[in-house]
Amino acid sequence: MPVVVWSALRLLLLLVTTGVLWAAGMRSWLAPVVGAFLAWALSYVLLQRPRDAAARYLADRAAERAAAGGRAVLRGGAAQDADAEDAADEAARSAASPDPAGPHAPGVDVVPDPPSAVPDPPPARG
């Protein structure tokens with residue numbers, strides 16, 4: 001959530017600086033460009049606390065992911081949903097008997113690839 005707050009504040013700062021420039025008489029495509037540079041500089045000074053909170057949040061998430069072995073860390077109901085889905089998948093895999101013909105769905109005929117449209121090369125003379 002801190003990343004969203006920081007991003008929203010930066011966007012608001014961009015809109016305010018562009019609006020101030022527009023109201024001051026810079027009514028061209030240059031107003032948003034100059035506004036972006038001003039917003040970037042002002043956000044560095046004015047939005048230090050939200051920026052640090054966002055950086056801390058991202059660092060904590062990266063540490064959690066590293067502790068989990070590089071896998072995504074699910075939170076709240078997503079973790080329970082993933083566990084239920086994994087259990088259902090394992091149950092379905094253990095109930096299905098292996099097919100000696102190969103890894104295709106049961107009851108589905110495997111159609112061989114059609115013959116190539118490119119003719120075979122002529123035999124070598126020798």
### Message
Looking at every heavy atom in both Leu14 and Thr17, which two are closest together, and how far apart are they?
### Response
O-OG1, 3.0 Å
### Summary
salt bridge (charged side-chain N to carboxylate O under 4.0 Å, His left out) filter on Asp89, not counting sequence neighbours, yields Arg93
Sequence neighbours excluded and cut-off under 3.5 Å, please list the side-chain donor-acceptor pairs for residues 32-54, or say none.
residue : atom : partner : partner atom : Å
Ser43   : OG   : Ala39   : O            : 3.2
Ser43   : OG   : Trp40   : O            : 2.9
Arg51   : NH1  : Tyr44   : O            : 3.1

Considering only distance and modelled atom types, tabulate donor-acceptor pairs under 3.5 Å from the side chains of residues 22-29, sequence neighbours left out.
residue : atom : partner : partner atom : Å
Ser28   : OG   : Leu30   : N            : 3.1

